[in-house]
Every structure is written in structure tokens, then in C-alpha cells.
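Numbers for residues simply follow the sequence, beginning at 1.
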Amino acid sequence: AYGADPFVTHYEENYLEPSDRVLWNVGRHNFTIGFQYRYAQDNAAGSGNGGPAGFYTFSPGTPLTATLTSTDGGPAISTGTGSPSGAVSMMEGDDALYNRTTPMVGYGAEGAVVSWGLRRWNLAAYIQDDVKINDKLTLNVGFRYEYQSVPYEIRNRLGGLIDEGPLVGHLVLNPSPVYQPDRLNFAPRLGFAYRLAPKTVFRGGYAIFTNLIPTCYPDQEGFHFPLSTNGFLQNAPYSLTPQSVPLPPLTSTNGTPMPPSGNPALVPKNTSINILPITQAIGLYSGSAPSPEMKNGYTTNANLTLEQQLPSNVVFKLTGITTDSTNQYNARYPNGYVGGLPENSPWSTISPGMSEVKMFYSQGLLHYLALQADLRKTSNRLEYQANFTWAQDLTDSDTVFSANSPNNSGETMNDPTCLTCEYARANNLVAKRFVANATYNAPTLWHPVPDVIGRGWEIAGIFNIQSGSPFTIVSPYG
């Protein structure tokens, strides 16, 4: 491929975040009561795969437009013969494909990088009480409620995909809502500290956390149809200037021109588009979008710690941790891979011209379990810490864009029809790790050396050993 960097992005994010809290001490109780509000403006612009200037793909087998003669007496390669390599195709200017990203008609000038603006807000309220029950037991009790609005685009300029209801399998303009609001974001928390003996403390805690849907998911729609549509020209004449990739006007499935009067702000919600005329210009449609059924994720965390004070200012701690997450974000393909079996590509029948489609859901799982032993000493002269951690991390949601990377086994689905088959060790799991560090303040006993040089020296070191990360052998044949 030859051309400018096709992926162009620009983000400008503004936040308004007022918050306040009140501390209230009543007898044994220490209350913390507060709220947080966040209003977010996500103003961005971007261009997808082809870029605003476009790029050329040079391939072996492309018919040559001129005869190539040999400089050492070898046979000539005549006009119309397939190029022996992509390098030869490039030197001759005989490309196989020209790809340029441009807005659809009515959404911006050809080749323009169109901006969009997402808006959303978040409101949270919480109360917490630290109460000393007696000389041995202290409790920490808290509760938090949080709501995050569904983001919207200020001029209805986004496109989307529908995966349920009467519009299932359709590409739509002005998807609304981008996903359903989630109002059940309750997060209780409980902690305790109990003194078993004068030098022994037992601690524990349990909490539920809300994992709010990140902006990167609705942002995906800004890098796709209709603001950023890939257009193609087969065997286009090579040029140093961007080439015109004409795109047809948009029409809804009932034949209405879109956008009305050339104004995207007038597009009705969830307007289904006839994509067949578009695919005749750009090829089969493929893309990604958040599912309208996305929800917030939830994480539960529990931990228990036994802490023992040993002689010589040494403290030993043994901690167990478990973290379980549900409704995590991952992706699957409701319309299967390019070349997939018809039963795995039902949307291609519903919307002729539809190809591979990836959608983001809240169906992922994560289960983490760890046991940690820690030994620490503090003194004026010598300090050291040694820590060993054993962990197990199982998930089917390694990253926010799971399923789309051909180079990362933690992100690539082995079977696009079976999400549960992906449940395995996390891509970044380190099952065993030992870390030790020490600091020694050297005494000032170097009598032959002046104090200005011989004092204040410190010797420090760190040692780390750990097991490797899981990996999957990827065949070059897929």
C-alpha cells in the first residue's frame, strides 16, 4: 500500500465536574455524604480506513499497462500480463485498488474530515459511615448510586446497526438511543477491622462497583458510515492528487431521500437505509457499532487480610482477593466473517450488500483470584519488603475491542459464533510473581573520608521474578 496515513483523528473533550461532600461526626459514627456531577462534551473528527487523501494498493497479478523490457537480455513482460510482484506494480503505477474515505452525500464534502459532537452526563451520590463498635471492632459501611445518561450526537449525524426488533439487520441513520439507559446502578460497600490479639489484626471488605460504558463505543460510529465511508476504485490511474470516489445519494428503505433537505439534523430516529446502491459503489458494507442492548458492567470485589506484628519491627500480611465482573464489554459477529456460511450471515439476506458486522455487547465475564504474602521491615537503618503473589484470571473479554485483532490471541475469537468458547486465561495474566526490595542507610564510620563525602550514603536494590504470560500459537493460514 502507498499513501498518507489513512487514520486521522482529533479529539477535544470538555468536562464540567462540580462535586461536594460533608463530613459529620456523631458519637462513634463518622459520616461522609457527597455527590458528584459530570457533564461531558466529546468533540471529535476522524477518518477511517482509506483516509481523506486515499491510498493505493499494489498487488502481484495486476495487469500491466505497459510492456516491461529486460536490461540483461531476458524476456519482456508484455502489456496485459499479470505483474510478477507488488513492487513491480508500484514502480509501474499499476494499482489494484484505490481506497478513499469520504462522507456520504449530505454529510460533508468529498474527502472532508467531518466533526461530530457527543454529549452525556453522569450523576452520583454516596454515603459512608466509619463506626467504632468497640476497642476491637471497627466497621465501614457505604452505599453509592450512579446514573450515566445515554450519549447523543448533537446534529443526528451518526449511523448505527440494529440487532433486535423489527429493524434487526438494518443499517440506520440517527440511531436513538445508541443503547438503553441503565438505572439500576446500586453499589453497596462493607469493610471491617477486628483486633484478634494485641499484635494481630483481621481485616476484610466487600464492594460492588459500576463499570460505566466508556465513550470509545459510541465514538466508533463517528469513524464509520455515514460520516466516514470507504469508497473504492478498481485499477484506478495512479495520481499524486486524491481521486474522486463518487457515492450515490442516500435513500431510506421506503425510498425517501436522506438526509431531508441535506440537513442531517432532520433525519428521523432509526431511519433504515437501502444500502444496495451504496455497496455497488463501495463494495459490501462492513462495520462495527455498539449494540442497542449494551448495559453498564458490574464488578464485585472481596478481600480478607491477616496482619501480624513480629519482633524487630517486622510485619507479615497474608491477603486473599477475589474479583468477579459481569456484563463486561466484548464483541461478537451477528453477521459472520467474510466468506462465512449463510447460517452465520443472516443479515446479508435481510439487507443485501451487508457483509461482516461486529457489534459490542455487555456479555463478558471476568473472574480473578489471588493470594498474596507480604513481609515488611522498617527501621532507621534497614528497610525491606518481600512479596509473593499467586493469581488466576479467567475471562472472555481481554480488551474493550475484543475480537478484532489478528495479532493478539487475547482479542481474536477462535469461533465467532461461540462467545463462551473464549473463556480462558486472560491475555495479561501473570500467575506467579515474587518481588523483593531493600534499602540500607550506611553508617558514617569512614574516618579517613571527610564527613561531607562519607555521610548520607544509601544502598538499595530490587529483585523481581515472575512467570510468563499465556500465549496462543496463531497459524499463518488462520
Side-chain angles (χ1 to χ4, degrees), residues 19 21 30-36 38 122-131 133 137-148 182-196 201-214 294-307 315-330 361-374 376 385 387-400 402 410 422-433 435 466 469-470:
S19 63
R21 67 174 183 170
N30 296 293
F31 291 101
T32 302
I33 305 171
F35 81 94
Q36 298 169 322
R38 188 186 202 201
N122 170 274
L123 179 64
Y126 58 91
I127 182 171
Q128 179 175 303
D129 182 19
D130 295 315
V131 53
I133 304 299
L137 177 63
T138 299
L139 293 180
N140 176 278
V141 182
F143 183 82
R144 180 184 179 95
Y145 176 78
E146 194 160 11
Y147 174 75
Q148 179 168 267
D182 189 349
R183 297 182 174 88
L184 302 178
N185 306 315
F186 301 102
R189 302 176 187 186
L190 174 66
F192 72 90
Y194 183 73
R195 182 162 53 86
L196 295 172
V201 178
F202 185 47
R203 296 187 178 91
Y206 174 84
I208 297 177
F209 302 91
T210 302
N211 303 324
L212 300 175
I213 298 174
M294 281 195 84
K295 297 179 180 179
N296 293 330
Y298 297 93
T299 297
T300 60
N301 177 273
N303 61 83
L304 293 173
T305 298
L306 183 64
E307 181 175 317
V315 177
F316 174 75
K317 289 196 300 184
L318 185 65
T319 303
I321 303 170
T322 178
T323 299
D324 295 280
S325 294
T326 58
N327 292 349
Q328 292 304 292
Y329 314 116
N330 54 15
Y361 294 86
S362 303
Q363 300 177 343
L365 298 173
L366 180 145
H367 300 294
Y368 176 82
L369 181 66
L371 184 65
Q372 186 177 88
D374 183 273
R376 178 180 301 182
Q385 182 179 3
N387 179 285
F388 175 77
T389 301
W390 172 90
Q392 185 62 274
D393 191 358
L394 302 172
T395 186
D396 56 14
S397 309
D398 269 306
T399 77
V400 292
S402 290
E422 300 302 306
Y423 184 74
R425 291 182 177 180
N427 191 53
N428 58 353
L429 170 65
V430 177
K432 302 179 185 68
R433 186 181 188 190
V435 180
Q466 65 184 46
S469 299

With a 4.5 Å cut-off on side-chain heavy atoms, are Ser325 and Tyr298 touching? no

Would Leu318 and Leu371 count as a side-chain contact (heavy atoms from CB on, under 4.5 Å) if you check the C-alpha gap in whole Å, the side-chain angles of each, and the deciding distance to 0.1 Å? CA-CA 8 Å; Leu318 185 65; Leu371 184 65; 4.2 Å; yes

Quick one: do the Arg21 and Gln128 side chains pair a donor with an acceptor below 3.5 Å? no

I would like to know whether Arg189 and Phe209 meet side-chain contact (heavy atoms from CB on, under 4.5 Å); could you show each step before the answer? CA-CA 9 Å; Arg189 302 176 187 186; Phe209 302 91; 3.5 Å; yes

side-chain contact (heavy atoms from CB on, under 4.5 Å) between Thr32 and Tyr126: does it pass, once the steps are laid out? CA-CA 8 Å; Thr32 302; Tyr126 58 91; 4.1 Å; yes

Compute whether any side-chain donor of one residue and acceptor of the other, for Gln363 and Asn330, lie under 3.5 angstrom apart. no

Give the ring-plane orientation class for Tyr145 versus Phe186, where under 30° counts as parallel, over 60° as perpendicular and anything between as tilted. tilted

Nearest 0.5 Å, please: how far is OG1 in Thr389 from NZ in Lys432? 12.0 Å

Give me the one residue out of Asp393, Asp396, Asp324 that meets side chain to side chain contact (heavy atoms under 4.5 Å, CB included) with Leu366. Asp393

Side-chain touch Gln328/Thr299, heavy atoms, less than 4.5 angstrom: yes

Report yes if some heavy atom in the side chain of Val131 is under 4.5 Å from a heavy atom in the side chain of Ile133; otherwise report no. yes

Show your reasoning for whether side-chain contact (heavy atoms from CB on, under 4.5 Å) applies to Leu365 and Thr395. CA-CA 5 Å; Leu365 298 173; Thr395 186; 5.8 Å; no

